[in-house]
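Below: the structure, in structure tokens.
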Amino acid sequence: MSKIKTLIVDDEVLARDKIAIFLQKEKNFEIVGQCSNGIEALKLLDQSYPDLLFLDIQMPEMDGMELLRTIEVQKIPCIILVTAYDDYAIKAFEYHALDYLLKPFDKERFLMTIKRIKEQMLLHSQGDYNTQLLNYLKASNPSKKYVEKVVVKDAGKIFFVKTKDIEWVESAGNYLKLHVGKTIHMIRETMNAFEQKVNPQEFVRVHRSYLVNIDVIHNLENWGNTQFIITLNSGDKIQSGRSYYASIRQKLQL
């Protein structure tokens with residue numbers, strides 16, 4: 001069997017390294033690249049045409065499902081989904097992903113996946129698989145409903161904050177700070193989970209800890225070659241993260 005060209009896409013370095021270390025012990029596999037987000041993966045997919053894709057579902061900038069919807073059907077490789085959330089994994093597995101790895105996985109579970117990949121490559125063509133996967137991706141959640149209000153509990157009272165009024169969101173441990181004018185509301189939520197709930201046409205992730213309402217951005221100033229200083233209408237200034245530079249430019253069409 002010829003080498004199975006493999007691309008690893010995960011925003012966690014340790015997760016990528018773990019898969020790479022396991023694969024290096026398998027003579028039938030060749031790692032053609034490692035990416036930390038979907039945008040990087042798109043570039044490599046156009047260049048390397050991998051046979052196999054280990055893909056994390058939840059990532060900043062472009063998540064796994066969005067990446068798969070973007071790939072041309074002829075270029076969709078065999079998919080192994082990697083996730084820390086079993087509800088995502090099981091659902092996607094039912095819809096034609098070849099297999100999934102639920103974090104944290106061990107070597108024994110990984111070898112089961114390797115066996116399944118080899119069987120697939122040897123016994124089945126990928127044409128039907130690709131078509132089935134593409135149909136699922138197009139049909140899954142085509143008109144996703146994004147939240148328009150966020151429930152905030154404070155001192156025994158419940159507030160409803162409109163997402164359009166949230167100027168920016170700041171991560172604070174297990175909580176998020178919602179900046180609304182001069183008021184800051186605290187909610188118990190992770191940034192990744194909150195980002196999935198709001199309309200991506202209205203908010204842009206600019207840093208691991210910051211999410212910004214696009215409508216309140218007053219201006220951006222280049223800071224070095226890979227960062228921005230973002231000034232909001234309120235006068236607040238936010239420095240973007242280096243790894244978000246390309247996605248900010250793409251989303252804001254800079």
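Atom set for the values below is all heavy atoms of this structure, side chains included, hydrogens, waters and symmetry mates excluded.
Considering only heavy atoms from C-beta on, Phe22 stays 4.5 Å or farther from Ile114 through its side chain. Between Arg109 and Leu101 the shortest side-chain heavy-atom distance falls below 4.5 Å. Between Ile117 and Asp99 the shortest side-chain heavy-atom distance does not fall below 4.5 Å. In this structure, the side chains of Ser243 and Asn37 stay at 4.5 Å or more apart for every pair of heavy atoms. Residues Leu220 and Ile248 meet the side-chain proximity criterion, which asks for heavy atoms closer than 4.5 Å. Contact check for Asp17 versus Gln34: side-chain heavy atoms found under the 4.5 Å cut-off. Put simply, the side chain of Ser171 reaches to within 4.5 Å of the side chain of Leu176, judged on heavy atoms.
Listed by chain and residue number, nothing satisfies the side chain to side chain donor-acceptor pair (under 3.5 Å) test with Arg16 (two or more places apart in sequence, or in another chain).
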Review item, side-chain donor-acceptor pairs of residues 186-193, under 3.5 Å, at least two apart:
| from | atom 1 | to | atom 2 | distance (Å) |
| --- | --- | --- | --- | --- |
| Arg188 | NH1 | Tyr175 | OH | 3.3 |
| Glu189 | OE2 | Lys197 | NZ | 2.6 |
| Thr190 | OG1 | Ala193 | N | 3.2 |
| Asn192 | OD1 | Arg205 | NH1 | 3.2 |

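Separation of the Phe110 and Phe54 ring centroids falls under the 6.0 Å cut-off.
When hydrophobic clusters are built by joining Ile, Leu, Val, Met, Phe, Trp and Tyr residues whose side-chain heavy atoms come closer than 4.5 Å, directly or via intermediates, Leu252 is grouped together with Ile230. If you chain together hydrophobic residues whose side chains sit under 4.5 Å apart, Phe159 and Trp168 never meet in one group. When hydrophobic clusters are built by joining Ile, Leu, Val, Met, Phe, Trp and Tyr residues whose side-chain heavy atoms come closer than 4.5 Å, directly or via intermediates, Ile217 is not grouped with Ile229. Neither Val180 nor Val212 shares a network with the other; the hydrophobic side chains, linked directly or stepwise wherever heavy atoms of I, L, V, M, F, W or Y lie under 4.5 Å apart, form separate groups for each. In the hydrophobic clustering of ILVMFWY residues, with side-chain heavy atoms under 4.5 Å counting as a link, Leu211 and Ile238 come out apart.
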* To do: Test salt bridge (Lys or Arg N to Asp or Glu O under 4.0 Å) on Asp10 and Lys103 and set out the steps.
  => CA-CA 12 Å; Asp10 197 306; Lys103 298 176 183 178; 2.9 Å; yes
* Residues Tyr100, Ile57; criterion side chain to side chain contact (heavy atoms under 4.5 Å, CB included); working and verdict -> CA-CA 10 Å; Tyr100 72 93; Ile57 294 178; over 6 Å; no
* Step by step, work out the salt bridge (Lys or Arg N to Asp or Glu O under 4.0 Å) result for Asp11 and Arg208. => CA-CA 11 Å; Asp11 64 325; Arg208 188 177 185 87; 5.0 Å; no
* **Criterion side chain to side chain contact (heavy atoms under 4.5 Å, CB included) on Val198 and Val147, from CA distance to verdict** => CA-CA 6 Å; Val198 297; Val147 296; 4.1 Å; yes
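For the atom pair CD (Glu202) and OH (Tyr146), the distance works out to 10.0 Å, reported to the nearest 0.5 Å. Here Glu40 contributes atom CD and Met59 contributes atom CE; the two are 9.5 Å apart, rounded to the nearest 0.5 Å. For the atom pair CG of Leu53 and CG of Leu81, the computed distance is 8.5 Å after rounding to the nearest 0.5 Å. Atom CD1 in Ile19 sits 9.5 Å away from atom OG1 in Thr113 (nearest 0.5 Å). Note that CG of Leu23 is 5.5 Å distant from OG1 of Thr6, once rounded to the nearest 0.5 Å. Of the inter-residue distances, the one linking Lys3 atom NZ with Asp51 atom CG reads 12.5 Å to the nearest 0.5 angstrom.
Closest approach of Glu167 to Leu232, counting heavy atoms only: O-CD1, 4.4 Å. For the pair Gln239 and His207, the tightest heavy-atom approach, listed with the atom from each and the gap, is O-CD2, 3.8 Å. Here the shortest heavy-atom pairing between Thr163 and Phe203 reads O-CZ, 3.3 Å. Nearest approach of Leu98 to Cys78, heavy atoms of both residues: CD2-SG, 3.0 Å. Among all heavy-atom pairs drawn from Phe160 and Val151, the shortest one is CE2-CG2, 3.7 Å. Nearest approach of Leu7 to Gly33, heavy atoms of both residues: CD1-O, 3.3 Å.
At least one test fails for Lys251 against the ring of Tyr244: distance under 6.0 Å to the centre or angle within 45° of the axis.
Counting heavy-atom neighbours within 6.0 Å of Glu12 CD, excluding the residue itself, gives a total above 12. Within a 6.0 Å radius of CG in Asn225, other residues, nucleotides and ligands contribute 12 heavy atoms or fewer.
The closest donor-acceptor contact from the side chain of Asn28 to the backbone of Ile4 lies at 3.5 Å or more, if one exists at all. Judged by distance alone, with hydrogens and angles left aside, the side-chain atoms of Thr226 form no donor-acceptor pair with the main-chain N or O of Tyr245 at under 3.5 Å. The backbone N or O of Lys5 lies less than 3.5 Å from no partner atom in the side chain of Glu30, so there is not a single donor-acceptor pair. Of the possible polar contacts, one joining the Lys18 side chain to the Phe105 backbone as a donor-acceptor pair under 3.5 Å is found.
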